[in-house]
Each structure stands twice: as C-alpha cells, then as structure tokens.
Trainee: 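Here it is, the structure, as structure tokens.
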Amino acid sequence: MQNPTELHRDVLAWYDEHARDLPWRRPDTSAWGVLVSEVMLQQTPVSRVEPAWHRWMAAWPAPTDLAAAPAAEVLRAWDRLGYPRRALRLRECAQAIVAHHGGRVPGTEAELLALPGIGSYTAAAVAAFAYGRRVVVLDTNVRRVLGRLFDGHALPAPSLTQAERQRAAARLPAHTPDSVRWNVGLMELGALVCTARAPRCEACPLRGYCAWRRAGRPADPHAGLRRRQAWHGTDRQARGKIMALLRDRPDGPVSEEEVLRAVADGADPAALADPGQPARALASLVTDGLVAPADSDDGGVAAYRLP
DNA sequence: AACGCGGGGCC
DNA sequence: GGCCCAGCGTT
C-alpha cells in the first residue's frame, strides 16, 4: 500500500485538473445555494438538477424568500425533479433556518442535521463545501470508490456500515482545505471515472493501487440481492401522475373524478387489476401534505389542488 | 435493517 | 427491461 499522503496527492491533483464547473461550486455561491443543490441532488442526477437550481436560486435567493413562498408555488418550481416531498422539506428547512438561526444557514454538522430534509450525508456536505469544515462526507460515489480501492468490491453494501465510516474517517486528510478537496474529489472521481456501470479504469489516477482492479474487477457480491425500485403499476407511479396533473393546473382545483381518471389513463394491466389504487394514491398524497382538498367550482363535488 | 418515495436516461 | 442516480424519514 502506498502511503496516505501519496493517495491524497493523486486525488487532489486529479480533481484540480478534471473537476466540472458546476454552479454550486463557484466560490461566490452562498451556503444556501450549496444546501439547495445538495437537497436537489438527493437521488437526482446533476444534469437534471443544474437548470432547476438556477431557476430556484433566482426565485428564492435566500432562506427568508423560500420560507415565505406558497407551498403550491414551490412544488411547481420543483417540477419533475422527483420525490416532491423534498421540496416541502426544503421549504420547512428554510422556515427553520429563519426561526432558529436568524435566516443564516448554520455551519456545524449537528445544527444542519437537526433541519428538515437534512440527513447525515447532506449535513456533512454543507459543512464541508459551504463552510470548509473537516468532516467525513460519504455518498454513494465515495462509498463505491473507497470500496473498490480498499475492499476490492464492485459496489458498496446496500446500507452504510459503521466500518465504512471509521475507514473513511481514518483516510481523511489532516489539513482542512485538503479534506474538502478530498471529499469532493472522491465524489467527482466516482461520478466521472469510477462509475457504477462502466468504470474507466484506464483514466483513473488510483489505478496503480486499486484492490478491485488488481483482483480482476470481480462482479458485485451483492448482485441480485440489491433492492430494486418498482415503478410500473405501483402507487408511486400513480402519485406521480396525480402530481403532474395538479402541477399543470395552476388556475383551479381539479375534480376528484378527473384526478382518478388521470391515474387510470394509460395504466398497465397490473394497475387496472387493483381498482382501489387511484383513490389510495390520492389519499396518501393528502396525508403527506402534497395535495390538499379544495372547494370545487361546481359546488358539492370533491376536488383537489396543490397545498 | 428494511421500506416507501419520482422520474428519466442509459445499456 | 433492469439499473443507477451527491438520500431521507419512518418503522
């Protein structure tokens, strides 16, 4: 094994040369801009986040602005980034920042972790990338890179283990500015070179000492056991259709009949076999606060709108 | 630890 | 058609 300093130097040098020019990495981006980007990037690819982030920051450049925005407007701006509950939580996060931190994004992991929609990854990412703190940032990219480099595993285990946390902490560069570039450098390496599907090992700065490559790039030991996300015919798809319909109708409530018909529209046979699904999906959206009952323009008929 | 939760792009 | 994507909150 090479000494830690050499590994650090290789990652930092690679990052300095190959880093993408993403808007939330610009030095003049506010901590709020970084936080917004991190929430949007939770399970949504960079390519789809970038335009949404620009529009979002233009509309609500500070926590105070988003905190005062109507939820329906926020959900429409979220558009099709997916997991729209993230938009509501981001708004609640802004309100908590106003209520408890004077409208300024807090800088410690513990304070960030206490905010709605901010988990262990996002808290660490904001502390590191917005405030330059020396913290362990472990996202799916970093987990995959470290797992290949040191464990020889193709892909990380389904859930983050304590051993991974400790190993990542032990490998973190001692100096503060280096630790930030190490974190973002490993993430960038995972996004551009050490990818999940078709890694470009020939372009990797760590190819000389990667356990996975040395072992002949064996297949994922968890293959087949990995959690798969169902979509066609599921409640999730039904919820997505309802949200898309209500997003596109800013002028007024939509009757329950039309909402339920939109779900059945183009549904696959599996969904049609469950006639209760549309109503169930709608009810769950109301429970989650993503949809609200509304007074129909045709009195007495149930109708719905964005909250 | 396991599950629910969007949506799209890529092989 | 399966898999992946800068995860979080709940149970």
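Keep in mind it's a predicted model, so treat the numbers as computed, not measured. Throughout, a chain's letter reflects where its sequence line sits, starting with A, and its residues are numbered from 1. What you see below is based on every heavy atom in this structure, not just the backbone, and it leaves out hydrogens, waters and symmetry mates.
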Trainee: Under 4.0 Å between a side-chain nitrogen and a carboxylate oxygen: does that hold for Arg207(A) and Glu202(A)?
Mentor: no
Trainee: Name the atoms and distances for all side-chain donor-acceptor pairs under 3.5 Å in residues 117-133 of chain A, with sequence neighbours left out.
Mentor:
{"unit_1": "Tyr121(A)", "atom_1": "OH", "unit_2": "Glu38(A)", "atom_2": "OE1", "d": "2.7"}
{"unit_1": "Thr122(A)", "atom_1": "OG1", "unit_2": "Gln42(A)", "atom_2": "NE2", "d": "2.9"}
{"unit_1": "Tyr131(A)", "atom_1": "OH", "unit_2": "Val105(A)", "atom_2": "O", "d": "2.3"}
{"unit_1": "Arg133(A)", "atom_1": "NE", "unit_2": "Gly107(A)", "atom_2": "O", "d": "2.8"}

Trainee: Calculate the interatomic distance between Glu50(A) atom CD and dC5(C) atom P; express it in whole Å.
Mentor: 19 Å
Trainee: What nucleic acid atoms does Arg247(A) come within less than 4.0 Å of, heavy atoms only: base, sugar-phosphate, or nothing?
Mentor: sugar-phosphate
Trainee: Quickly work out the Gln229(A) CD to dC8(C) P distance and round it to whole Å.
Mentor: 15 Å
Trainee: List for me each residue that meets salt bridge (Lys or Arg N to Asp or Glu O under 4.0 Å) alongside Arg217(A), sequence neighbours excluded, and say none if there are none.
Mentor: none
Trainee: Determine the contact category for Arg48(A): base if any of its heavy atoms lies under 4.0 Å from a base atom, sugar-phosphate if only primed atoms, P, OP1 or OP2 are that close, otherwise nothing.
Mentor: base
Trainee: Backbone N or O of Arg20(A) within a donor-acceptor pair of the Glu188(A) side chain at under 3.5 Å?
Mentor: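 Checked: pair present.
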Trainee: Which residue pairs pass the ring-ring contact (aromatic ring centres under 6.0 Å, His included) test when at least one of the two sits in residues 80-103 of chain A, sequence neighbours left out?
Mentor: none
Trainee: Does anything in residues 62-97 of chain A come within less than 4.0 Å of DNA chain B? Heavy atoms only, and list the residues if so.
Mentor: Arg80(A), Leu81(A), Gly82(A), Tyr83(A), Pro84(A), Arg85(A), Arg86(A)
Trainee: Could you tell me whether a side-chain N or O of Arg143(A) sits under 3.5 Å from a main-chain N or O of Ala157(A), the two making a donor and an acceptor?
Mentor: yes
Trainee: Whole angstroms only, please: what is the CG-C1' distance between Asp220(A) and dG2(C)?
Mentor: 14 Å
Trainee: Keeping the roles fixed (side chain from Trp60(A), backbone from Arg91(A)), state whether a donor-acceptor pair exists under 3.5 Å.
Mentor: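 No, Trp60(A) side chain to Arg91(A) backbone: no donor-acceptor pair under 3.5 Å.
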Trainee: Which of residues 13-28 of chain A have a heavy atom under 4.0 Å from DNA chain C?
Mentor: Arg20(A), Leu22(A), Trp24(A), Arg25(A)
Trainee: Verify the contact: side-chain N or O of Gln43(A) to OP1 or OP2 of dG7(C), cut-off strictly under 4.0 Å; return yes or no.
Mentor: yes
Trainee: According to the interplanar angle, ranging from 0 to 90°, do the rings of Trp14(A) and His18(A) count as parallel (below 30°), tilted (30 to 60°) or perpendicular (above 60°)?
Mentor: parallel
Trainee: Once you round it to whole Å, what is the distance between P of dC3(C) and NE2 of His232(A)?
Mentor: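 From His232(A) NE2 to dC3(C) P: 13 Å.
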Trainee: Please give me every residue in residues 130-140 of chain A whose heavy atoms get under 4.0 Å of an atom in DNA chain C, ordered by residue number.
Mentor: Asp139(A), Thr140(A)
Trainee: Could you state the atom-to-atom distance from CZ of Arg144(A) to C1' of dC3(C) in whole Å?
Mentor: 12 Å
Trainee: Scan residues 172-207 of chain A against DNA chain B and write down, sorted by residue number, each residue with any heavy atom closer than 4.0 Å; if none is found, say none.
Mentor: Arg197(A)
Trainee: Okay, side chain of Thr44(A), backbone of Leu81(A): is any donor-acceptor separation there less than 3.5 Å?
Mentor: yes
Trainee: Under 3.5 Å, is there a donor-acceptor pair linking the side chains of Glu258(A) and Ser255(A)?
Mentor: no
Trainee: Any chance CZ of Arg280(A) has more than 12 other-residue heavy atoms, nucleotides or ligands included, within less than 6.0 Å?
Mentor: yes
Trainee: Of all residues at least two apart in sequence or in a different chain, which pass the side-chain contact (heavy atoms from CB on, under 4.5 Å) check with Ala281(A)?
Mentor: Ala238(A), Arg239(A), Ile242(A)
Trainee: Where along residues 108-123 of chain A does a heavy atom come under 4.0 Å from DNA chain C, residue by residue in number order?
Mentor: Pro116(A), Gly117(A), Ile118(A), Gly119(A), Ser120(A), Tyr121(A), Thr122(A)
Trainee: Between which nucleotides of DNA chain B, read 5' to 3', does contact with chain A run, using atoms under 4.0 Å from its heavy atoms?
Mentor: dC3(B) to dC10(B)
Trainee: On DNA chain B, compare the nucleotides closest to Thr44(A) and Ser47(A); which residue's is nearer the 5' end?
Mentor: Thr44(A)
Trainee: Could you check whether any side-chain N or O of Arg76(A) sits under 3.5 Å from a backbone N or O of Leu246(A), counting only pairs where one atom can act as donor and the other as acceptor?
Mentor: yes
Trainee: Applying a strict under-4.5 Å side-chain criterion to I, L, V, M, F, W and Y, I'd like to know whether Trp231(A) and Val263(A) cluster together.
Mentor: no
Trainee: Residues two or more places apart in sequence or in another chain: which of them pass salt bridge (Lys or Arg N to Asp or Glu O under 4.0 Å) with Asp178(A)?
Mentor: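 Here the qualifying residues are Arg181(A).
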Trainee: Please check: side-chain N/O of Asp288(A) versus main-chain N/O of Leu285(A), any donor-acceptor pairing under 3.5 Å?
Mentor: no
Trainee: Under the 3.5 angstrom rule, does the side chain of Gln237(A) hit a backbone N or O of Gly233(A) as a donor-acceptor pair?
Mentor: yes
Trainee: Quick one: which residue pairs count as a ring-ring contact (aromatic ring centres under 6.0 Å, His included) with a foot in residues 159-185 of chain A, not counting sequence neighbours?
Mentor: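 Qualifying pairs, neighbours excluded: His8(A)-Trp182(A).
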Trainee: Taking the P atom of each, how far is dC3(B) from dA6(C), in whole Å?
Mentor: 23 Å
Trainee: Is there a donor-acceptor contact under 3.5 Å from the side chain of Arg104(A) to the main chain of Ala31(A)?
Mentor: no
Trainee: Please give, in whole Å, the distance from dG7(C) P to Glu38(A) CD?
Mentor: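 Result: 9 Å.
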